[in-house]
Amino acid sequence: MDILLSAFKPVHISCNFFLNQLKHRYGIKKAGYSGTLDPFAQGSVIVGFGSYTKLFPFISKTPKIYEAVLWLGAKSLSLDMENIVSIDILDEFDLKTIRTVLAPLKGEIYYIPPKYCAKKIDGKRAYELARSGKDPILKQIKMQVFDLQLLSYNHPYITFRISVSEGAYIRSIGEIIANALGVNGALCALKRVSEGGVEALWGKDNVIDPFDVLPYPLISDFSSQIKENLWLGRKFYLEDQKSGIYIADFEEFFSIIEIKEDKTVKYLLNRMKKNVDFIKKT
């Protein structure tokens, strides 16, 4: 079956384990998910079944919204609960200091990703190198922080809500906050509230209409000849459309196409079967 779901991953299991549970639940062999959540984290995951896994490069996954708890004084090799090596007892900070540290963390942020991350170095994941005792060298990257709100400060825990671009590491945001306070820090809880506007609730898997998460204009007023061209993957021209990426919508299928400046049509993803039936849990 070809379908997109929003699902809520619980804590203490990997995304792969969670995906296998969903595949077993719905009896579908081919499946994949969008952004990875660490085992200690919970929250929204977009899951694709069948050929809908091909939609992931096109789906809008920004902004991603998280709620996190930062444990001040905890030192962790992975910047989370999984590799804590020491805990310092700290004096309490005043709330004004916490707010002052958080205030500049909006806009474009440059940072070094955690050593325990999925980025590849010479063909190997950074976390694989770190777990084997090696010291992976990661390049500085940037993320966009759209919004950052302090939810509470109950020493030694700072709880915040953050909206970021795709590919951002909230563990690194926690490290930046702790460093600005002059202490160690590690995330002890993390929840992805939503990605690209898609929010999953605990215990509920909801079907996603692909048109709700594909950020392209919809065109459906085609002649039978154009429909046949799209179905067969022929080269042809669309004279009456501006250049850009579009969803070509038909009753039985849809395609993602790019109309070039010379009006030729490039197939980005062709003949995706429509399926918006609701899947009941088994």
Side-chain angles (χ1 to χ4, degrees), residues 1-7 19 26 28-36 44-65 106-108 141-147 163-168 192-200 205-279:
M1 182 175 287
D2 304 319
I3 206 159
L4 284 178
L5 286 181
S6 63
L19 183 65
Y26 296 118
I28 305 174
K29 292 182 178 180
K30 184 180 180 182
Y33 52 84
S34 54
T36 301
S44 295
V45 178
I46 298 176
V47 179
F49 290 107
S51 66
Y52 274 26
T53 57
K54 297 177 183 178
L55 292 173
F56 287 137
F58 304 98
I59 289 175
S60 175
K61 297 182 283 291
T62 294
K64 295 195 175 191
I65 299 176
K106 292 182 183 179
E108 209 167 73
I141 60 174
K142 66 179 178 180
M143 72 170 99
Q144 191 76 20
V145 178
F146 304 112
D147 191 31
S163 174
V164 295
S165 57
E166 187 177 355
R192 183 192 288 153
V193 177
S194 63
E195 53 179 335
V198 176
E199 180 176 355
D205 303 336
N206 291 320
V207 174
I208 302 170
D209 185 337
F211 292 177
D212 290 339
V213 291
L214 292 171
Y216 310 115
L218 190 69
I219 48 178
S220 56
D221 186 18
F222 291 119
S223 67
S224 58
Q225 181 61 55
I226 290 177
K227 179 178 178 181
E228 182 178 330
N229 289 338
L230 286 165
W231 180 257
L232 297 175
R234 292 172 178 161
K235 182 178 179 180
F236 69 103
Y237 297 85
L238 273 177
E239 299 288 350
D240 57 347
Q241 291 289 339
K242 294 181 179 179
S243 59
I245 298 177
Y246 295 88
I247 301 170
D249 178 31
F250 297 97
E251 186 176 345
E252 306 90 357
F253 71 94
F254 67 93
S255 300
I256 301 176
I257 61 174
E258 181 179 5
I259 301 175
K260 312 292 271 187
E261 291 290 344
D262 63 359
K263 302 303 181 181
T264 57
V265 172
K266 179 181 179 181
Y267 298 93
L268 301 180
L269 196 60
N270 200 22
R271 292 191 306 176
M272 298 298 294
K273 186 178 179 181
K274 283 188 177 180
N275 192 340
V276 293
D277 294 334
F278 180 77
I279 296 180

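Just so we're clear, the structure is a prediction, and the values are computed from it rather than from any experiment. The figures here come from the full heavy-atom set of this structure, side chains too, leaving out hydrogens, waters and symmetry mates.
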Pair L4, V207 - check side-chain contact (heavy atoms from CB on, under 4.5 Å), show working. CA-CA 6 Å; L4 284 178; V207 174; over 6 Å; no
R192/E199 under salt bridge (Lys or Arg N to Asp or Glu O under 4.0 Å): CA gap, chis, key distance, verdict: CA-CA 9 Å; R192 183 192 288 153; E199 180 176 355; over 6 Å; no
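Within a 6.0 Å sphere centred on NZ of K227, heavy atoms belonging to other residues, nucleotides or ligands number more than 12. Counted within 6.0 Å of CD on E251, heavy atoms from surrounding residues, nucleotides or ligands total 12 or fewer; the atom is thus considered open.
Evaluation of the side chain to side chain contact (heavy atoms under 4.5 Å, CB included) rule for L218 yields F211, I247, D249 as partners, not counting sequence neighbours. In this view, S163 and P63, I65, F146, D147 satisfy the side chain to side chain contact (heavy atoms under 4.5 Å, CB included) rule, not counting sequence neighbours. By the side chain to side chain contact (heavy atoms under 4.5 Å, CB included) test, S60 pairs with P215, sequence neighbours left out. With sequence neighbours excluded, no residue forms a salt bridge (charged side-chain N to carboxylate O under 4.0 Å, His left out) with D212. The side chain to side chain contact (heavy atoms under 4.5 Å, CB included) test applied to A168 returns M143, V164, not counting sequence neighbours.
Counting heavy atoms from C-beta outward, N206 and L5 have side chains that stay 4.5 Å or more apart. At least one side-chain heavy atom of F236 sits less than 4.5 Å from a side-chain heavy atom of L230. The closest side-chain heavy-atom distance from F254 to K274 is below 4.5 Å. The closest side-chain heavy-atom distance from Q241 to Y246 is below 4.5 Å. With contacts defined as side-chain heavy-atom distances shorter than 4.5 Å, the pair T53/V47 does not qualify. A heavy-atom distance below 4.5 Å is not found between the side chains of L268 and I257. Contact annotation: the side chain of F56 approaches that of I46 to within less than 4.5 Å [non-hydrogen atoms, C-beta and beyond]. Proximity of Y26 to M1: side-chain heavy atoms (C-beta onward) are nowhere separated by under 4.5 Å.
Atom NZ of K260 sits about 9.5 Å away from atom OG of S243, to the nearest 0.5 Å. Of the inter-residue distances, the one linking E108 atom CD with Q144 atom CD reads 5.5 Å to the nearest 0.5 angstrom. Summarising the geometry, atom CD1 belonging to I28 is positioned 5.0 Å from atom CZ belonging to F49; distances are rounded to the nearest 0.5 Å. Y267 OH to N229 CG: the interatomic distance, rounded to the nearest 0.5 Å, is 6.0 Å. Here L214 contributes atom CG and L269 contributes atom CG; the two are 9.0 Å apart, rounded to the nearest 0.5 Å.
Minimum interatomic distance between L55 and P210 (heavy atoms only, all atoms of both residues): CD1-CB, 4.1 Å. Between A200 and S44, the shortest heavy-atom contact is N-OG, 2.8 Å.
Under the 3.5 Å distance criterion, the side-chain polar atoms of S51 are left unmatched by any main-chain donor or acceptor of D2. Side-chain atoms of T62 do not come within 3.5 Å of backbone N or O of S165 as any donor-acceptor pair.
Screening residues 262-272 for salt bridge (Lys or Arg N to Asp or Glu O under 4.0 Å) gives no qualifying pairs among residues at least two apart or on separate chains.
For the pair E261 and K242, the salt-bridge criterion is not met [side-chain N within less than 4.0 Å of a carboxylate O]. The residues E166 and K61 are annotated as salt-bridged, a charged nitrogen and a carboxylate oxygen being separated by less than 4.0 angstrom.
For F253 and F250, the distance between ring centers is under 6.0 angstrom.
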